[in-house]
Visitor: 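Sending over a structure as structure tokens; questions will come in a sec.
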Amino acid sequence: MTNRTIQLDEALYAYVTDMSLREPALLRRLREETADLPESNMQIAPEQGQFMALLATLMGASRAIELGVYTGYSALCLAGALPAHGRLVACDLSTEWTAMARRYWTEAGLAGRIDLRIGPALETLDGLLAAGEAGTFDLAFVDADKEEYADYYERLLGLLRPGGLIMVDNVLWDGSVIDPARDDGDTVAIRAFNEMVRDDPRVDISLVPIGDGLTLARKRP
Ligand code: SAM
Ligand code: CA
């Protein structure tokens, strides 16, 4: 028994997924097709997708937003957890990667639930705020430009309803956050972001060591 978060070696990780992962065949196929791309490590882990979908269901979320779509895995997990009338605004810069995403969303019958916005995420967020959508979102997932995390977060806090949840990916950055030799822009930004969220009285938080680290921040009513 341990009262510290347990380390997962390959065998224990395999046990976790064997005991809990219920990945639909379509998501598995998307993961396999993405694995052929050079940037495939950008995709979230399947157990993380399942966890985020569970949170969306628990919250009864119907309006969600994702920053950083890539080939569409996390978006598919989230959209599948929304009710039929729900909407996921999905933001990315790439038409190429999101073409693959669209193909899978259509096959899943969920394309109608996903509103893909191609362009810089900050511009999309500012557009939503300008359109009067502040306070209307239940859930947000942040996985785009790491150097912009703090700017996304401020805008998303405005877009969320009280009690809404922001989920922020890669907050452990493969352990680089505690490596003093790492001073690249992404690492420095993630460290600063983590400190800012820790000290932010507007939210309830948890840093969940799943995947590459997922911070949950609930906007306090
Ligand atoms: N969540 C995705 C998944 O589960 O597969 C992975 C997202 S990947 C780590 C990051 C994505 O963010 C890339 O597809 C990239 O094109 C996009 N991106 C990077 N900078 C961006 C920006 N400023 N605005 C919108 N999207 C951006
Ligand atoms: Ca990520």
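In listed order, ligands and their atoms are each counted from 1.
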Visitor: Judging by distance only, is a nitrogen or oxygen of Trp97 under 3.5 angstrom from one on ligand 1?
Guide: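 By distance alone, the answer is no.
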Visitor: Which residues pass the side-chain contact (heavy atoms from CB on, under 4.5 Å) test with Ala111, not counting sequence neighbours?
Guide: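 Counting only residues at least two positions away or on another chain, Ala111 forms a side-chain contact (heavy atoms from CB on, under 4.5 Å) with Trp105, Thr106.
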Visitor: Examine Gly68 against ligand 1 and note whether any of their N/O atoms are separated by less than 3.5 Å.
Guide: yes
Visitor: Considering only the protein, which heavy-atom contact is closest to atom 24 (N) of ligand 1, and what is its distance?
Guide: Ala121 N, 2.8 Å
Visitor: Taking side-chain contact (heavy atoms from CB on, under 4.5 Å) as the test, write out the residues that go with Pro38, two or more places apart.
Guide: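 Pro38 satisfies side-chain contact (heavy atoms from CB on, under 4.5 Å) with no residue once adjacent residues are dropped.
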Visitor: Would you mind finding which of Glu148, Arg117, Glu39 brings a heavy atom closest to atom 23 (N) of ligand 1?
Guide: Glu148
Visitor: Identify, with sequence neighbours excluded, every residue that meets side-chain contact (heavy atoms from CB on, under 4.5 Å) alongside Glu147.
Guide: Asp145, Asp186, Ala189
Visitor: In terms of residue, atom name and distance, what is the protein heavy atom nearest to atom 10 (C) of ligand 1?
Guide: Asp143 O, 3.1 Å
Visitor: Salt bridge or not for Glu33 and Arg103, using N-O below 4.0 Å?
Guide: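 Here Glu33 pairs with Arg103 in a salt bridge, since their nearest N and O are under 4.0 Å apart.
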Visitor: Would you call Val89 and Phe137 a side-chain contact if the rule is heavy atoms closer than 4.5 Å?
Guide: yes
Visitor: Can you tell me which residue and heavy atom of the protein come closest to atom 21 (C) of ligand 1, and the distance to 0.1 Å?
Guide: Leu93 CD1, 3.4 Å
Visitor: Return a yes/no value for Gly72: is any of its N or O atoms, backbone included, closer than 3.5 angstrom to an N or O of ligand 1?
Guide: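 Such a contact does not occur with ligand 1.
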Visitor: Quick one: name the protein N/O/S atoms under 3.0 Å from the Ca ion (ligand 2), chain by chain.
Guide: Asp143 OD1, Asp143 OD2, Asp169 OD2, Asn170 OD1
Visitor: Hydrophobic cluster membership, with links at side-chain heavy-atom distances under 4.5 Å among I/L/V/M/F/W/Y: are Ile205 and Leu214 in one?
Guide: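 No, it is not one cluster - the side chains of Ile205 and Leu214 are not joined through contacts under 4.5 Å.
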Visitor: Regarding ligand 1, does Ser74 bring an N or O atom to under 3.5 Å of one of the ligand's N or O atoms?
Guide: yes
Visitor: Should one rank Val142, Asp145, Thr124, Asp212 by closest heavy-atom distance to atom 19 (C) of ligand 1, which comes out on top?
Guide: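 It is Asp145 whose heavy atom sits nearest to atom 19 (C) of ligand 1.
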Visitor: Under 3.5 Å between some N or O of ligand 1 and some N or O of Glu66?
Guide: no
Visitor: Of the protein's non-hydrogen atoms, which lies at the shortest distance from atom 11 (C) of ligand 1, and what is that distance?
Guide: Asp92 OD2, 3.5 Å
